[in-house]
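In listed order, ligands and their atoms are each counted from 1. Nothing here was measured: the structure is a model prediction, and the numbers come from that model.
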Amino acid sequence: MKLIQVADYEEMSRSAAELVYTELENIRTLGLATGGTPLGFYEALRERVRQEGRSLQHLHTVNLDEYLGLAADHPQSYHYYMNEVLFQHTDIPSPQTHLPAGDAEDPYAEAARYDELVTRLGVDLQLLGVGANGHIGFNEPGSSFHGRTDVVRLAEGTIRANARFFGEGERVPEQAVTMGIGTILESRRILLLASGARKAEAVRALLHGAMSEEMPVTALQTHPDVTVIADEAALSLSR
Ligand code: F6R
């Protein structure tokens, strides 16, 4: 595992964008994450792409997850998020951008379809954030390290953390379709970003802890090509 230590959120975002930008010609399928962590990364990446007038037409993208019950045009859906932060700013052909359909009539069939799609495309580089409880994608503590894309229930703490993106009184989804840990581990390369003291325990477990399904992020210890970019606060328990 390669660790890149940075001072803060801004440096994490810039350094991740630079890493992905310089690798672009070697990436056909890019795995993407949502949430607060990669917002600065997407901003820096789209700015770099714009400045250089770089075409991303060759890229296929697969996102980790989507909330169950949210259609693509729902402002809190990850489809919507990805359009806002990346897709609409680039020339990636929209049929080449993929997320699980949160409003599928049969979410289990959708999860199976998505897993097959991700496997067929083959992810060259997968971007990950991490939950305070160590979740990756929405694979909460207790998830199998061999799990495939599935319908999952979010932990109470995750629902509370996600509530910050929803309006007052708006229902925060309690379920999602997420790539499984087994699916994630098939990516050729993994780039995990972590910023802030809330992530310090998960980062400590990833770098120094024993492998345990109670800390899903520790599954990455088995992967041959993981880069972690973490800031000082996220590394505060790892010294
Ligand atoms: C997002 C995802 C999640 C987040 C995690 C951290 O697609 O799969 O695992 O990366 O919940 O969220 P933030 O970045 O909001 O702290």
Side-chain angles (χ1 to χ4, degrees), residues 8-10 12-13 16-17 30-44 61-68 70 72 74 76-87 97-102 111 114-115 118 123 125-143 145 147-166 172-185 187 190-203 205-206 215-220 226 228-231 233-234:
D8 54 20
Y9 182 82
E10 279 65 40
M12 177 197 76
S13 305
L30 181 60
L32 298 172
T34 56
T37 305
L39 283 171
F41 158 79
Y42 288 123
E43 191 183 345
T61 67
V62 287
N63 266 79
L64 284 168
D65 39 25
E66 177 59 286
Y67 288 123
L68 198 71
L70 300 195
H74 189 290
Q76 260 69 45
S77 74
Y78 288 159
H79 279 81
Y80 195 96
Y81 170 111
M82 286 311 307
N83 274 325
E84 290 288 305
V85 302
L86 187 67
F87 299 155
T97 64
H98 306 281
L99 294 95
Y114 196 72
D115 199 73
V118 172
V123 178
L125 187 144
Q126 176 66 55
L127 179 70
L128 293 179
V130 60
N133 65 358
H135 71 230
I136 50 173
F138 276 133
N139 299 286
E140 300 286 13
S143 304
F145 285 0
R148 310 300 306 181
T149 306
D150 209 347
V151 178
V152 296
R153 187 160 290 282
L154 308 187
E156 280 306 317
T158 305
I159 298 168
R160 272 198 305 278
N162 294 346
R164 71 192 194 280
F165 297 111
F166 288 77
V172 184
E174 295 177 5
Q175 283 179 283
V177 177
T178 182
M179 275 189 211
I181 296 179
T183 317
I184 293 171
L185 290 176
S187 314
I190 290 177
L191 173 62
L192 181 137
L193 308 184
S195 170
R198 230 169 52 81
K199 306 297 173 68
E201 183 51 42
V203 170
L206 169 64
M215 214 6 129
V217 72
T218 60
L220 301 183
V226 177
V228 178
I229 307 183
D231 70 10

message = For the backbone of Ala155 and the side chain of Glu140, can you confirm whether one donor and one acceptor N or O come within less than 3.5 Å of each other?
response = yes
message = If you count heavy atoms of other groups shown closer than 6.0 angstrom to CD of Glu156, is the number above 12?
response = no
query = At a 4.0 Å threshold, what atoms of ligand 1 neighbour a non-hydrogen atom of Gly36?
reply = 13 (P), 14 (O), 15 (O)
task = Any atoms of ligand 1 less than 4.0 Å from a non-hydrogen atom of Arg198? List them with their elements.
result = 16 (O)
ask   = Are the side chain of Tyr9 and the backbone of Thr37 linked by a donor-acceptor contact shorter than 3.5 Å?
value = yes
message = Closer than 4.0 Å to some heavy atom of Leu64 - which atoms of ligand 1 meet that?
response = 8 (O)
query = What protein heavy atom sits nearest atom 12 (O) of ligand 1, and how far off is it?
reply = Lys199 NZ, 4.3 Å
message = Run the ring pair (Phe, Tyr, Trp, His ring centres under 6.0 Å) test on Phe165 and Tyr67 for me, step by step, so that the C-alpha distance in whole Å, both residues' side-chain angles and the decisive distance to 0.1 Å come before the verdict.
response = CA-CA 13 Å; Phe165 297 111; Tyr67 288 123; 8.9 Å; no
note = A student comparing Asn139, Asp65, Leu193, Leu127 should find that the heavy atom closest to atom 8 (O) of ligand 1 comes from Asp65
Donor-acceptor contact present, side-chain Tyr114 to main-chain His98, <3.5 Å = yes
inquiry  = Show the nearest heavy-atom pair for residues Leu206 and Leu192, with the distance to one decimal.
reply    = CD2-CD2, 4.2 Å
query = Which residue holds the protein heavy atom closest to atom 10 (O) of ligand 1, what is that atom called, and what is the gap in Å?
reply = Gly129 CA, 3.4 Å
query = Counting each atom of ligand 1 from 1 as listed, which ones have a heavy atom of Gly137 under 4.0 Å away?
reply = 2 (C), 3 (C), 8 (O), 9 (O)
query = Can you check whether Val151's main-chain N or O pairs, donor with acceptor, with Gln175's side chain at less than 3.5 Å?
reply = no
key: Contact partition for Met82 relative to ligand 1, non-hydrogen atoms under 4.0 Å   = neither
ask   = Is there a donor-acceptor pair under 3.5 Å between the side chain of Asn133 and the backbone N or O of His135?
value = yes
key: Atom indices of ligand 1 within 4.0 angstrom of His135 heavy atoms, with elements   = 3 (C), 5 (C), 9 (O), 11 (O)
inquiry  = Strictly distance-based, threshold 3.5 Å: is any side-chain N or O of Glu66 a donor or acceptor partner for the main-chain N or O of Tyr78?
reply    = yes
Part of Val130 within contact of ligand 1 (heavy atoms, under 4.0 Å) = backbone
inquiry  = I need the contact type for Thr34 against ligand 1. Using non-hydrogen atoms and a strict under-4.0 Å cut-off, is it side chain, backbone, both or neither?
reply    = both
Enumerated ligand 1 atoms positioned under 4.0 Å from heavy atoms of Gly35 = 14 (O), 15 (O)
request  = List every atom of ligand 1 that sits less than 4.0 Å from any heavy atom of Thr37, numbering the atoms from 1 in the order shown and giving each element.
outcome  = 13 (P), 14 (O), 16 (O)
